[in-house]
Amino acid sequence: MDLQTAIKERRSIHDFQPQELERGLMKHIFSQASWAPNHRMKEPWNITVFQEEAKLDYADAVLDSYVRNGFFEGYENGKINSMKKGIRDFLISIPHHALVYLEKDKDSHKFEEDYAAVCAYIQNVQLLAWEEGVGTLWTTSPYLNDPLFAEDLGLPPSKYKLAAVLQMGYPKKVPKFKPRSPIEEKCTFVHRSWKK
Ligand SMILES: Cc1cc2nc3c(=O)[nH]c(=O)nc-3n(C[C@H](O)[C@H](O)[C@H](O)COP(=O)(O)O)c2cc1C
């Protein structure tokens with residue numbers, strides 16, 4: 001697949017087949033994505049993939065965070081239980097949840113650079129996956145900013161930023177593309193001094 005096709009035809013996937021990806025394929029995707037640009041060669045990305053039985057604990061951590069954030073407030077118990085079951089079943093139905101995280105640099109500029117590099121890494125993962133027929137969804141749900149969620153996953157929030165969870169698997173359905181704006185609306189070429 002050529003680069004332009006991968007960039008243009010990749011879609012965010014919301015509906016996955018139950019089949020798991022082979023470990024070798026996931027390693028290929030995660031290792032080739034490491035060619036992402038990164039300042040000072042810090043390669044700041046780290047990945048933990050929750051799958052199989054680990055998805056149960058992952059779903060519990062997500063639900064506990066939803067409770068802390070007041071997501072279920074105002075509903076009666078029966079409704080809360082059915083909402084929780086729906087969310088748990090949905091999360092468990094996704095073959096892999098790849099948490100991408102980085103160490104927090106105390107220097108805010110370096111931290112921004114590291115986060116930018118991790119985002120470049122994530123897009124590489126998405127494109128490499130697409131090339132292999134694998135779908136991804138880049139998610140940044142509020143629980144990624146919940147310190148107790150990070151604790152639950154064994155990542156001290158004082159040390160780590162949770163950048164994203166990539167949901168991964170073979171697509172069941174590929175959504176229709178969402179058109180992009182003409183670049184003229186966003187890009188300006190400056191070729192004369194603007195100080196006169
Ligand atoms: C930083 C970031 C966070 C995102 N978070 C979510 C999310 O939490 N849930 C979701 O459904 N999609 C999320 N997306 C995916 C976007 O909604 C998606 O890229 C956009 O709708 C364009 O669709 P496409 O990727 O199929 O072209 C996120 C994308 C980015 C870059």
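Read the numbers this way: they start at 1 and go in the same order the structure lists the ligands and their atoms. Residue indices begin at 1 and follow the sequence shown.
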- Is the closest basic N to carboxylate O distance between D105 and K42 below 4.0 Å? yes
- Message: Quick test of your reading of the model: are R68 and D64 salt-bridged, counting only N-O distances below 4.0 Å?
- Response: no
- Query: Salt bridge check: are D60 and R88 linked by an N-O gap of less than 4.0 Å?
  - Reply: yes
- Item | Short N-O contact, E103 and K161, less than 4.0 angstrom | no
- Kindly confirm or rule out an N or O of T140 lying under 3.5 angstrom from an N or O of ligand 1. yes
- Message: Check for me whether R180 has a heavy atom closer than 4.0 Å to any atom of ligand 1.
- Response: yes
- Taking atom 20 (C) of ligand 1 as the reference point, the nearest protein heavy atom with its distance: K178 NZ, 3.9 Å
- Side-chain donor or acceptor of K104 paired with backbone N/O of P157 under 3.5 Å: yes
- Message: Distance under 4.0 Å to a non-hydrogen atom of R10: what atoms of ligand 1 satisfy this?
- Response: 24 (P), 25 (O), 27 (O)
- Query: Could an N or O of ligand 1 be found under 3.5 Å from any N or O of W138, whether backbone or side chain?
  - Reply: yes
- For ligand 1, which atoms, with element, lie under 4.0 Å from some heavy atom of S12? 15 (C), 18 (C), 19 (O), 23 (O), 24 (P), 25 (O), 26 (O)
- Message: Strictly inside 4.0 angstrom of atom 5 (N) of ligand 1, do you find any protein heavy atom?
- Response: yes
- Query: How long is the gap from CZ on F16 to NZ on K172, to the nearest 0.5 Å?
  - Reply: 11.0 Å
- Are E113 and H109 close enough that a side-chain donor and a side-chain acceptor fall under 3.5 Å? yes
- Item | Distance from atom 11 (O) of ligand 1 to nearest protein heavy atom, with residue and atom | H14 CE1, 3.2 Å
- Query: For atom 9 (N) of ligand 1, what's the nearest protein heavy atom and its distance?
  - Reply: T139 CG2, 4.1 Å
